[in-house]
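Working notes, structure below.
What you are looking at is a predicted structure, and each value in this text was computed from that prediction instead of being measured. The first residue of the sequence shown is numbered 1, and numbering continues consecutively from there.
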Amino acid sequence: MKSNRIWYQDGLRDGVPIALGYFAVAFTLGIAARNAGFSAVQAAVSSLLNHASAGEYAVISLVAAGAGYWEMAVMALVSNARYLLMSCSLSQKLASDAPLVHRALVGFGITDEIFGVSAAVPGRLNPFYTYGAMSVSIPSWALGTFLGVVLGNVLPPRLVSALSVGLYGMFLAIIVPPARRSRVVLALVLLSFAASYIAGALPVLAAVSSGVRTIVLTVAISLGAALLFPVAEDQERDTSEEVSP
C-alpha cells in the first residue's frame, strides 16, 4: 500500500502539465483583471480562492461592467455549479471513512483538469494525490494572474491585445469539442449566441445590466436543455471518464 507521501508525489507529477497550462491561461486572465481595475495582489488572491477560469472571468467582466455584489455572487454560483457535481463524484472514490476535512479540501481544489486526473486514478482515491496536483497547479494559476496584471502594464498595447485573445481561445477550446460530438450541444451554443445578441439589442432588455441578462439566459437555457435533453446516468459516467487530464 502506498504511503500518503507517495500519493502526494504522484499528484505533484501529474499536476505539472496542468500548472503549465494554467500559467499561460491565467496570464491572459490577469490582463483582463488589469483592464477591470484589479491590482496584481487582488487578482492573485482572486485566483487563489476561485479556481475556475470561466467563472473568474465572468466575475471580472461583471466588475468591469459595474455590476452589484449579488449579480457577481449569483454568476459565480451558476458558472461554477458543475464543480458541485464533480466534488460529489470524487467523494464516491474516497474511502467511506475519509474525514470530512479531507472531503472539504478536495472539493475546494476541484477544477476540470484536477478532477480529470483524480477521477482517472484506479480504485480508491487518496486525498493526498489531489493535494499534490492542487499544490502545484493552483499557485501557478495565481502566479500567472499576478504576472498578467504586472506585465500588462509594461508590455506594448498591441501585444497585450494579442495575448488577450488567448482567453477567448480557451473558451473555444471548451465549447468546440463537445459541440462537435453532440448536435444538441451545438444547437444550444448557437442558441446562446443568438439569445445573447437579441437580449442586448432589444430596448426593453438592453436596459437591464449585462450581468443580469447573462445570469437569466444561463439559467433558462441550461434548465430547458436539462428538461428537454436529459443525460442518462450511464452516458454521464462515460462522459466523465473521457475528461482528459
Side-chain angles (χ1 to χ4, degrees), residues 18-19 21-87 104-105 107-115 134 137-153 160-161 163-175 189 192-193 195-197 199-200 205-223:
I18 298 176
Y22 279 1
F23 182 85
V25 174
F27 191 90
T28 61
L29 181 69
I31 295 175
R34 165 188 168 272
N35 295 334
F38 282 72
S39 69
V41 174
Q42 290 172 334
V45 171
S46 175
S47 289
L48 281 175
L49 300 178
N50 187 355
H51 313 141
S53 54
E56 190 172 355
Y57 181 74
V59 172
I60 288 175
S61 299
L62 291 179
V63 172
Y69 290 122
W70 279 109
E71 292 180 41
M72 289 184 279
V74 173
M75 174 52 69
L77 177 63
V78 171
S79 60
N80 297 335
R82 67 186 186 279
Y83 296 118
L84 296 175
L85 303 178
M86 294 182 186
S87 298
L105 289 174
F108 171 75
I110 287 300
T111 66
D112 296 330
E113 293 76 17
I114 292 178
F115 170 78
M134 290 166 51
S137 57
I138 292 177
S140 179
W141 177 251
L143 177 62
T145 307
F146 179 89
L147 293 179
V149 175
V150 173
L151 296 181
N153 293 320
V160 171
S161 178
L163 289 173
S164 300
V165 178
L167 196 60
Y168 297 99
M170 178 198 68
F171 287 121
L172 290 176
I174 292 174
I175 65 175
V189 169
S192 300
F193 290 159
S196 179
Y197 174 79
L205 297 179
V208 181
S209 68
S210 60
V212 173
R213 293 200 306 268
T214 303
I215 293 172
V216 172
L217 290 176
T218 300
V219 174
I221 295 176
S222 300
L223 179 60

Straight-line distance of [X] [atom1] to [Y] [atom2], nearest 0.5 Å:
X      : Y     : atom1 : atom2 : value
Leu29  : Ile60 : CG    : CD1   : 4.0 Å
Ser137 : Tyr22 : OG    : OH    : 5.5 Å
Ile138 : His51 : CD1   : NE2   : 4.0 Å
Phe115 : Ser87 : CZ    : OG    : 9.0 Å
Leu49  : Glu56 : CG    : CD    : 9.0 Å

Return the minimal non-hydrogen interatomic distance between [X] and [Y], and the atom names on each side.
X      : Y      : value
Tyr57  : Ala32  : CE1-CB, 3.7 Å
Leu62  : Glu71  : CD1-O, 3.7 Å
Ile221 : Ala195 : CD1-CB, 4.4 Å

For Ser192, all residues meeting side chain to side chain donor-acceptor pair (under 3.5 Å), sequence neighbours excluded:
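Testing Ser192 for side chain to side chain donor-acceptor pair (under 3.5 Å), a comparison that skips the adjacent residues, returns none.
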Could you give the side-chain donor-acceptor pairs of residues 142-152 under 3.5 Å, partners two or more places apart or in another chain?
{"residue": "Thr145", "atom": "OG1", "partner": "Ser47", "partner atom": "OG", "Å": "2.7"}
{"residue": "Thr145", "atom": "OG1", "partner": "Trp141", "partner atom": "O", "Å": "2.8"}

